[in-house]
Every structure is written in structure tokens, then in C-alpha cells.
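Beneath this line is the structure, given in C-alpha cells, with notes to follow.
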Amino acid sequence: MAEQPDCDVVVIGAGFSGLYAMHELRNRMGLRVIGLEAAPDVGGTWYWNRYPGARCDIESIHYSYSFDEQLQQDWTWSERYSAQPEILAYLNHVADRFDLRRDYRFGVKVVSMEWDDDARHWRVGTDRGHEILTRFVVAGTGNVSIPKEPEFNGLESFNGPVYATHAWPHTEPDLAGKRVGIIGTGASGIQAIPKLAERAGHLTVFQRTPNFATPLRNRPSDPEEVARTKANYPGVRAAARDSFLGVPYRRPEHLALEVDPEHRRATYDRGWQTGGFAILMESYRDLLVDEKANDTVAEFTRERIRERVADPAVAEMLCPDDHPLGTKRLPMETDYYETYNRDNVTLVNVKPNQVEAVTPTGLRLADGTEYDLDVLVLATGFDAFTGALTRMGVVGREGQKLNDVWAAGPVSYLGLMTHGFPNLFTITGPGAAVALYNNPLAIEDHVDLATKALQYVLDHGHRTMEPDAQAQAQWREELNERAHATLFPRAASWYMGANIPGKPRVVMMYVGAAAEYRATCAEVVENDWRGFRFD
Ligand code: NAP
């Protein structure tokens, strides 16, 4: 007798993706769903990343679910940009409101996932010894969820505590009077550094590559704006979905080099004052495609850094010159540059003089310089896009391992499925319109696509669905073409897999407007899921 599946769908993850997938699959479609989540509770990235200063830099009213009008009406964000505790409270509210926890098993990691081609189901194994048979898997495992492995010899020998931004302790550590060192000046480091400087006795920032960071300009929510938004949420969401970043920034009219320097200065000043991504999104149309155009906004930003940092040598160390602005994920800052004017903060350039080892008493650089530290903080980033999916032991049809199929870089069709791995849907997987697009909306769009596909399989009495190898190869070409028409490949960023030594350097996501991506997906759906095969 063939074994019967334990459920219709396993949903992996209880962040923005998993929770919405659980809601759609179970509450709306009435399927039997089991959720698996490694953390003890819901929240995904917002469960783990609770470091001082952790905050979303997409406006709260846009960085939220749009699928339920009453939810939108009932929830009011207290600030223009929400801090981590408020986003986590929101996801807890969503989980309770839609009764999503009931079918989750928390504190459970997926360690194996094997496709049984005879039975046409997945066999999902966990670190708790569960084995779950399921027809479909929806992986809501996140794109920046698995930390980069620390590359520092001797980390275990350090006498003091080592805190990572992605796994900050729930009880806030006491840093008063302590010598704290932090490695990493990406979006996480740039948010944490000003807060750590306020708390520590002395903070030493070990910076390898400076990043462009622009002001966040957070403030309490404006009640009038909240009321206006709530009166027209469908319109607000439609405008967001039609914008490049998934936030309705005003579209720029001009190219940067067709206007005079005064025009550019006034425009960049406006963007700088507005805060958030405005300077990149609202200034000129060609900032992400024309390097000379980009140079103008990059230089404007360097000038602002020089104005804000008192010591000219420190200011120069903070001025990026190795990538066009915006081609690495642009961090948003609050008091970041002024932090370097404090007496208790030191910036150390570890580009020419790399961190060689962590010692029992601190850090040693390549030239032998030692820094004595009581506490070490790592803000060194993530094994983005592929990190979670390649750590689950996924084995597809004919014993193919996902890690082998993705050895030269991830391949997928629409970022949704990979040839050879039937009935496995990857929410905002590599190749989807994400990262350059507001995550909650990208996730909703993708879960909607996955549930539509699943419904199609069920309605037509099919047993499996997977993309054709040819459609997948064409999608890879399209991703490459789109990316290479922009400046994105110029940066050694996690968008390109370039932040992890040895990881293949390929474009990881769809570089283009989400509206175009959605139109492509809609066309695929209308043409009976062109490029997919069913059995
Ligand atoms: P990240 O942008 O990848 O930054 C990692 C930092 O660690 C970089 O400065 C990197 O330097 C440094 N680093 C890594 N390995 C190193 C080494 N061996 N020696 C010295 N320095 C090293 O990671 P992140 O800051 O965690 O941000 C990741 C993404 O999460 C962001 O881009 C964003 O999408 C998201 N995020 C969003 C928010 C928000 O909404 N506000 C906040 C935090 C994070 P190099 O550049 O030289 O490699």
C-alpha cells in the first residue's frame, strides 16, 4: 500500500512569507497544511534581528500586508519607519488574528527533503526527528535569513561575548564601560553603530568597505497621513505595486546629465531632506543605468559625509568609491556619520590590513596591530538568496541534489520553481522580483502566484508541476540581460552573491520593475502556465 501524505502542503518558515502562505493555503483554500519554523515563534527575520537600532527603512504603511482590508484599517503604525519590536508585534497580531500558529511546529529545522517520484510526494525530515509526507512544499525561508559563516580564526578563543546582529540576545547586554568592537558596516552595522556607541565605554568599528548611506528621517506617524491612507488603502497599494521599489515614490522626469549642476544640487538636496530611498528613486531616471549620472549623486553623498564628519581623514575613510550608489543595498542612517565625531568611537580601516584573527583579548590585524576588546559584535551579513534553501538537504527527481543543480549559481523559472524539483514552490526565490522590491508586497505577489499554481494542479487532477529546463534557461538569460543593462553587476554585493568567498557570482534576482515581472507571470498563467509541465 502506498503511504498516504500527512498533509497537502508543508510551509517552511513563519515570517512574512510563511504566515501569508499558511493563511492562503489553509484558511482560504481549505488545504491541510503543516508549518515548520526554526525559531520558537513567528516573525522570521523580525524575530531574529533584534539588535539595537533594528528598524525597517521602507515606510511602515507600505511595509505591511495588503491582503486584508480590515487588518489595514485596524492596525496603526506609531512611526514613519517601524522599529523591530513593532513589526514583530504586528506579525504576532497577524498570526493571532488569522489563527495561524495552530498548524505550526516551532523550534523545528528542516534537515532533509526528498522527492519520492513513485509516490509523488516530498518526504520532509526535521532535526526533531519528524518525517512528514506532503504533496507540496512552500518554502518561505527568506533571502537574508542565513548568516554568513564568520571568517575569523580564533573566534572561539575570545574571552568575552560575541553577539551577532542576526541573533541578538533577548536580554539586552550591558555594554556600559565596555570596549566593544564591531565588524561590518552594511545596513545592520549602520543601524547598530550609533546605538552601540551610546551604550559602550568605547566602540571600535572595523570597516572593510564603506557604504553609501542616506538619511532615514524617521518621525512619529502623521495622523492625517494615516487617515488619508486608510481612506484609500487600495489606491495606495496599487500605486506601490506599480512603482519600481514597491513604494510610491514620485517618478523622476529628467536624466541627471541633461540638467545643469544647480538643478542637480537642488534635486539631491530635496531627496536628502525627504529621506529614505527618495534621493535614489525621485531624482533622475538614469541613476542606476548610467555610471556618469550615478557619479553625480555619489559625489553629492560624499560631500554630505565630509560635512558631517569632523576629522577629514575619518570622513575620507567613510567615503565609498568602489561601486555606484544604490548598486549595493542602500543603508539608511540616523546619526551614523556624527557617531564618528564622538570621543568614544574609533574607525579602523581593515581593507588593506584585514582582520587576521580573533584572540582571547580582542582582534589582531594582518600587520600585527592588536585591539583589546571586551565584547565583539558581528554584523557581517548573510548567505543571501540560496543560503536557506541549500541547507535543507533538498533532493529532487532522480536523486538530483539542489546544491549540485545550483553549484554554478541558482537556476529557476520565475524564481518560483526549479526544474527537477516538482511541487516545490520557493517564495521570492532566486530569480524572482524581490530585494529591489518592497518585501511584503513581493511576498504577497509570489504567494498568490504559488497558490494559483497549486490550485491549477488540483483543479486539473494533475499530480505534479515543474518548469521545463528550456523555460528555466531562458529565464536565466532574461535575468542576465536585464541586470547587465544596469549598473548592478558593478558592485560586489549580495545581490550578485559576491559577499561570500567562493560563491558563484551571478545575478540573484529580477532586476526590473515588479509590474513588468507580474505582467510576465500573468501571461504565463493565461497561457496555461506556459513553460511548466504537469503530470
Ligand atoms: P551586508 O550588507 O552584507 O554587510 C556586511 C558587512 O560586513 C559589510 O560591511 C562587509 O564588508 C562586512 N564584512 C563581511 N565579512 C567581513 C570580513 N571578513 N572582514 C571585514 N568585514 C566583513 O549585511 P547586513 O548589514 O546584515 O545587511 C544585509 C541586508 O539585510 C541589507 O542589505 C538589507 O537588505 C537587509 N537589512 C535591512 C535593514 C532595514 O530594513 N533597515 C536593516 C538591516 C539589514 P564588505 O562590504 O567589505 O564585504
Side-chain angles (χ1 to χ4, degrees), residues 16 44-46 48-60 62-63 79-84 87 142-153 155 164-168 181-193 195 204-216 218 245 247 275-277 318 320 322-323 326-334 336 347-358 363 365-366 376-385 387 428 434-440 442 491-501 503 508-509:
F16 266 100
T45 204
W46 298 105
W48 296 106
N49 288 269
R50 49 180 82 211
Y51 57 85
R55 182 180 293 284
C56 184
D57 51 23
I58 299 283
E59 286 86 341
S60 320
H62 302 300
Y63 192 87
E79 293 178 277
R80 181 182 182 196
Y81 297 100
S82 303
Q84 173 270 338
I87 304 175
N143 286 321
V144 280
S145 49
I146 300 292
K148 176 178 163 174
E149 305 274 351
E151 295 158 321
F152 312 108
N153 296 327
L155 196 57
T165 46
H166 69 264
W168 199 257
I182 179 167
I183 305 177
T185 52
S188 305
I190 284 173
Q191 287 186 331
I193 285 164
K195 300 289 175 195
T204 308
V205 178
F206 298 93
Q207 171 191 268
R208 190 165 63 182
T209 315
N211 255 308
F212 289 104
T214 54
L216 182 67
N218 188 32
L245 210 66
V247 177
F277 287 91
L318 289 164
D322 73 329
H323 64 279
T327 55
K328 278 185 169 184
R329 184 5 174 108
L330 194 59
M332 302 290 144
E333 54 85 26
T334 304
Y336 176 64
L347 178 65
V348 177
N349 180 0
V350 295
K351 184 91 167 188
N353 189 15
Q354 300 267 338
V355 177
E356 189 182 73
V358 178
L363 282 190
L365 305 189
L376 180 60
V377 176
L378 298 180
T380 44
F382 295 86
D383 185 356
F385 288 102
T428 65
V434 68
L436 303 178
Y437 183 50
N438 178 7
N439 255 316
S493 66
W494 59 261
Y495 293 157
M496 302 293 300
N499 64 324
I500 305 285
K503 190 164 171 169
M508 294 278 172
M509 75 280 182

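We count ligands from 1, going down the list as the structure has it; atoms in each ligand are counted the same way.
When non-hydrogen atoms are compared, ligand 1 lies under 4.0 Å from the side chain of Y51 (C-beta onward) but not from its backbone. Under 4.0 Å from ligand 1, the heavy atoms of K148 that appear belong solely to its side chain. The part of F152 lying near ligand 1 is the side chain, judged by heavy-atom distances below 4.0 Å. Using a 4.0 Å cut-off between heavy atoms, K328 contacts ligand 1 through its side chain alone, with no backbone atom that close. Of all the heavy atoms of Q191, the ones lying under 4.0 Å from any atom of ligand 1 belong exclusively to the side chain.
At the shortest separation from atom 23 (O) of ligand 1 among protein heavy atoms lies G381 CA, 3.2 Å. Closest protein heavy atom to atom 24 (P) of ligand 1: S188 OG, 3.4 Å. For atom 33 (C) of ligand 1, the closest heavy atom belonging to the protein is R329 CG, 3.7 Å. In this structure, the protein non-hydrogen atom closest to atom 18 (N) of ligand 1 is E151 OE1, 2.4 Å. Nearest protein heavy-atom contact of atom 20 (C) of ligand 1 is I183 CG2, 3.5 Å. With hydrogens left out, the protein atom closest to atom 6 (C) of ligand 1 is A379 O, 3.3 Å, a heavy atom. Regarding atom 36 (N) of ligand 1, its nearest protein heavy-atom neighbour is A187 CB, 3.9 Å. For atom 9 (O) of ligand 1, the nearest protein heavy atom (residue, atom name, distance) is T185 N, 2.9 Å.
For ligand 1, the atoms lying closer than 4.0 Å to a non-hydrogen atom of F382 are 26 (O), 28 (C). Remark: ligand 1 atoms within the under-4.0 Å shell around heavy atoms of D57 are 39 (C), 40 (O), 41 (N). Near G184, the atoms of ligand 1 lying under 4.0 angstrom from a non-hydrogen atom of the residue are 6 (C), 7 (O), 9 (O), 12 (C).
Minimum heavy-atom separation, G387 to I146: C-CG1, 3.6 Å. Contact record, E151 with P501: OE2-CG, 2.9 Å, taken as the closest heavy-atom pair. Closest non-hydrogen pair, K351 versus R208, comes out as CD-O, 3.1 Å. Shown here for R50 and W168, the closest heavy-atom pair between the two residues is O-CD1, 3.5 Å. Residues N49 and F382 share a closest heavy-atom pair of OD1-CZ, 3.8 Å. Shown here for M508 and G497, the closest heavy-atom pair between the two residues is CE-CA, 3.8 Å.
Not a single N or O atom of N499, backbone or side chain, sits closer than 3.5 Å to an N or O atom of ligand 1.
Ring planes of F16 and Y63: perpendicular class, angle over 60° (limits at 30 and 60°).
Of the possible polar contacts, one joining the N211 side chain to the T185 backbone as a donor-acceptor pair under 3.5 Å is found. A donor-acceptor pair is defined here as one N or O able to donate and one able to accept, closer than 3.5 Å; no such pair exists between the side chain of N143 and the backbone of A384.
Distances from atom 45 (P) of ligand 1 to the heavy atoms of D383, T209, I500 put T209 nearest.
For Y51 and H166, the gap between ring centers reaches or exceeds 6.0 Å. Separation of the F152 and F206 ring centroids does not fall under the 6.0 Å cut-off.
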